[in-house]
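I have placed the structure first, in the form of structure tokens, so that the comments after it can refer back to it.
Throughout, a chain's letter reflects where its sequence line sits, starting with A, and its residues are numbered from 1.
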Amino acid sequence: MTNEANSEGNKEKESKNFIEQIIDEHLKNGRFNKVHTRFPPEPNGYLHIGHAKSICLNFGLAEKYNGKCNLRFDDTNPSKEETEYVESIKEDVKWLGFQWDGEYYASDYFQQLYDWALQLIKDGKAYVCECSQETISQNRTTPTREGIACEHRNRSAEENLDLFQRMKAGEFPDGSMVLRAKIDLNSPNMHMRDPIMYRIMRAHHHRTGDDWLIYPMYDYAHGESDSIEGITHSVCTLEFEVHRPLYEWFVQNLNIHAPQQIEFARLNINYTVMSKRKLLQLVNEKHVSGWDDPRMPTISGLRRRGYTPESIHLFADKVGIAKRENVIDMGLLEFCVREDLNKKADRRMAVLDPVKLIITNYPEGQTEMIEAVNNHEDESKGKRMIPFSRELYIERGDFMEEPSKKYHRMYPGNEVRFRYAYFITCTGCKKNEEGEIIEIYGEYDPASKGGNSPDGRKIKGTIHWVSAEHAYPFETRLYDRLFSVENPDDAEEGKTFLDYLNPESLTTIIAYGEPSLKDTEAGYSCQFERMGYFIKDKDSSGEKSIFNRTTGLRDSWAKEQNK
RNA sequence: UGUCCUGUGGUGUAACUGGCAACAUGUCUGAUUCUGGUUCAGAAGAGUCUAGGUUCGACCCCUAGCAGGACAACCA
């Protein structure tokens with residue numbers, strides 16, 4: 001290594017994303033003297049990879065600036081939220097490796113929020129409106145036209161106070177009235193045209209039970225919750241950009257701590273969908289086995305698929321943070337798992353599409369144990385023994401009766417290395433009446449034991465194998481992208497994203513693995529040499545194993561063939 | 001339609017706040033290799049949406065367009 005390379009390496013001034021630049025500025029100009037972020041999921045579904053980006057951002061910011069990050073459940077809509085989701089969210093955040101500083105719920109603040117609403121009413125900045133949903137919407141008109149004030153807008157503070165308290169007390173039916181902020185009916189920003197702060201809803205809340213009959217809306221609750229927790233930087237996605245003036249209006253008019261809301265572009269990945277609504281639909285309509293189906297972009301799905309927290313961190317790191325719309329290639333996610341798994345996954349041999357190979361010059365009935373390295377990237381992983389015998393299974397694709405150009409696996413007359421074992425020269429094959437190859441024959445060179453070249457002769461191909469007699473059969477689930485088009489969201493006329501589901505997103509086969517695969521537990525992740533990364537699924541039980549394919553290996557041979 | 005946001009290689013993100021565009025991924029070559037994996041070496045690929053302007057000099061600033069996105073829920 002040259003000195004130049006060294007000094008280059010030390011220089012690496014990592015560039016900051018725009019949010020960090022804003023924070024630097026705030027720290028410099030004294031607006032804030034610390035960093036306190038929060039991750040605010042609504043417990044109405046499972047977390048997905050898009051949330052992971054946000055989690056890594058928020059918790060990452062706190063780490064970088066030596067600050068704090070809260071986990072806050074935005075549970076202001078009891079009709080959609082459930083405890084099951086709260087638990088899964090906590091599990092996912094922890095699995096990603098983050099520990100929140102405070103665990104909060106917007107519902108913890110219902111009383112404070114209510115009191116502040118009373119204050120706004122007294123200040124003449126909020127009023128109870130009895131208009132119907134349609135009327136309110138109509139009166140707001142369109143952005144280009146002025147809004148229309150309804151007869152409730154100029155009620156006295158006393159009357160509003162009385163009405164609002166009676167709303168809370170349950171004197172009025174659901175939906176009969178709302179509390180509205182009195183801001184600006186002519187604002188070009190529709191969110192400022194007297195937004196709704198509270199609605200009457202007789203729904204059982206997962207935490208406050210039946211204590212409340214009125215519930216605050218997002219816009220009223222979110223900024224205030226941030227404020228209560230002393231959040232400095234309230235990071236959210238782009239669609240809330242238009243809400244920022246409203247966010248600021250509330251903290252300003254309540255005269256409470258004002259966090260800075262900053263918006264960034266949400267994550268999009270091709271060949272999948274990211275909206276909670278659509279993910280929920282996939283689950284409800286049983287297009288997938290559940291929220292944690294390995295094809296789902298959910299964190300629990302990725303986990304079951306074999307993704308590691310590290311691979312997701314790497315991914316979040318690589319996609320970056322910015323404000324422009326983006327679509328990340330699924331290939332990047334796959335690159336990230338391989339990058340991580342290559343270093344730590346055990347190597348094992350398993351044949352996914354088996355065909356029998358008989359070594360005609362190998363003694364019948366003999367079995368010998370072959371030593372194999374667990375991971376060439378990490379010698380500390382040690383070695384293991386694998387049985388070898390006269391009859392083996394090899395991959396159907398590793399034999400060609402009439403080889404194509406550049407093919408250097410088994411074909412009549414060609415010598416191939418059987419990984420860790422011997423050099424075997426193919427001598428022919430047998431076919432059934434349909435012309436399918438049912439057996440392949442070969443002769444081994446006893447001097448090449450261990451797979452080493454006895455005389456230094458070059459062998460182009462190395463293939464994996466499994467002793468037929470000792471093979472351990474197990475179910476293998478080969479996963480592919482869930483959708484067959486890049487962007488299932490933009491469905492053509494008369495179709496929905498469901499019409500683009502990939503019928504081959506899951507293929508179940510029986511694979512034959514080396515015996516060591518039997519003594520593994522669910523969650524055991526390894527590389528089947530030359531085939532890809534696999535993880536033992538939780539559906540496994542006792543002797544029965546199920547392995548999910550996390551992702552295949554890079555395959556430049558397949559690319560070559562597609563030319 | 002109105003307001004706001006965004007516009008840099010195929011994709012994603014940078015560019016020390018004005019000094020002729022970097023990194024990653026992807027693609028293609030080649031080398032190494034007991035995984036057609038990994039690793040290594042190299043190449044191609046944008047002249048920064050367009051048109052003006054300011055400036056010695058602009059991806060960064062200004063003006064006008066164009067394109068894409070967000071919003072017009074008693075969802076978040």
Exercise for the section: Quick one: label A/His408 by what it contacts on the DNA or RNA (base, sugar-phosphate, nothing), any heavy atom closer than 4.0 Å. Expected result: base
Tabulate protein N/O versus nucleotide N/O from nucleotides 22-24 of chain B, keeping only pairs under 3.5 Å, one per line.
unit_1	atom_1	unit_2	atom_2	d
B/rA24	O2'	A/Lys318	NZ	3.2

Problem - Salt-bridge criterion met for A/Arg530 and A/Asp398 (N-O under 4.0 Å) - result: yes
Practice task
Classify the ring geometry between A/Tyr104 and A/Tyr109 as parallel (under 30°), tilted (30 to 60°) or perpendicular (over 60°).
Solution key: tilted
Fill in the blank from the handout: Result for 5'-nearest mapping on RNA chain B, choosing between A/Tyr420 and A/Tyr218, is A/Tyr420
Practice task
Go through the structure and list residues passing side-chain hydrogen bond (donor to acceptor under 3.5 Å, both in side chains) with A/Glu25, not counting sequence neighbours.
Solution key: none
Exercise for the section: Kindly say if A/Lys559 contacts the phosphate of B/rU27, meaning a side-chain N or O under 4.0 Å from OP1 or OP2. Expected result: yes
Fill in the blank from the handout: Judged by whether its glycosidic angle lies within 90° of 0, B/rG47 is syn
Exercise for the section: Give a yes or no on whether A/Gln561 atom CD has more than 12 heavy-atom contacts from other residues, nucleotides or ligands under 6.0 Å away. Expected result: yes
Practice task
Return the set of residues passing side-chain hydrogen bond (donor to acceptor under 3.5 Å, both in side chains) with A/His152 (not counting sequence neighbours), or none when no residue passes.
Solution key: A/Arg155
Exercise for the section: Kindly state each residue pair satisfying side-chain hydrogen bond (donor to acceptor under 3.5 Å, both in side chains) with at least one member in residues 218-227 of chain A, sequence neighbours excluded. Expected result: A/Arg38-A/His222, A/Arg72-A/Asp226, A/Asp74-A/His222, A/Asp219-A/His243, A/Asp226-A/Ser234, A/Asp226-A/Tyr247
Practice task
With heavy atoms under 4.0 Å as the rule, sort A/Asn270 into base, sugar-phosphate or nothing.
Solution key: nothing
Handout entry: By ring-ring contact (aromatic ring centres under 6.0 Å, His included) - contacts of A/Trp291 (at least two apart)
Key = A/Tyr46
Fill in the blank from the handout: For A/Glu239, the salt bridge (charged side-chain N to carboxylate O under 4.0 Å, His left out) test, sequence neighbours excluded, returns A/Arg266
Fill in the blank from the handout: Judged by nearest nucleotide, the residue sitting upstream toward the 5' end of RNA chain B, A/Asn17 or A/Phe418, is A/Asn17
Handout entry: Residues A/Lys344, A/Asp340: salt bridge by 4.0 Å N-O rule
Key = yes
Problem - Syn or anti conformation of B/rU17, syn meaning chi within 90° of 0 - result: syn
Handout entry: By side-chain hydrogen bond (donor to acceptor under 3.5 Å, both in side chains) - contacts of A/Arg417 (at least two apart)
Key = A/Thr462
Handout entry: A/Glu42 with A/Lys80: basic N within carboxylate O range, under 4.0 Å
Key = no
Practice task
Would you indicate which nucleotide in B/rU35, B/rG36, B/rU39 comes nearest to any side-chain atom of A/Arg347?
Solution key: B/rU35
Contacts under 3.5 Å, N or O only, protein and nucleotides 8-11 of chain B:
unit_1	atom_1	unit_2	atom_2	d
B/rU8	O4	A/Arg324	NH2	3.2
B/rU11	O3'	A/Val327	O	3.3
B/rU11	O2'	A/Val327	O	3.1

Completion exercise
Result for ring pair (Phe, Tyr, Trp, His ring centres under 6.0 Å) between A/Phe528 and one of A/Phe547, A/Tyr533, A/Tyr512 points to A/Phe547
Fill in the blank from the handout: Contacts of A/Phe315 meeting ring-ring contact (aromatic ring centres under 6.0 Å, His included) (sequence neighbours excluded), chain-then-number -> none
Problem - Phosphate contact (B/rC75 OP1 or OP2) by A/Thr76 side-chain N/O below 4.0 Å - result: no
Handout entry: Pairing pattern in dot-bracket form [Watson-Crick, G-U; both distances under 3.5 Å; | = partner strand] for RNA chain B
Key = (((((((..((((.....[..)))).(((((.......))))).....(((((..]....))))))))))))....
Using nucleotides 29-33 of chain B, report all nitrogen or oxygen pairs with the protein that are shorter than 3.5 Å.
unit_1	atom_1	unit_2	atom_2	d
B/rU29	OP1	A/Lys563	NZ	2.6

Exercise for the section: Fit a plane to each ring of A/Trp557 and A/His408, take the angle between them on a 0 to 90° scale, and name the class: parallel (under 30°), tilted (30 to 60°) or perpendicular (over 60°). Expected result: tilted
Practice task
Let me have a per-nucleotide readout for nucleotides 64-74 of chain B, 5' to 3', with B, S or -, counting only protein heavy atoms under 4.0 Å.
Solution key: -----SSSBSB
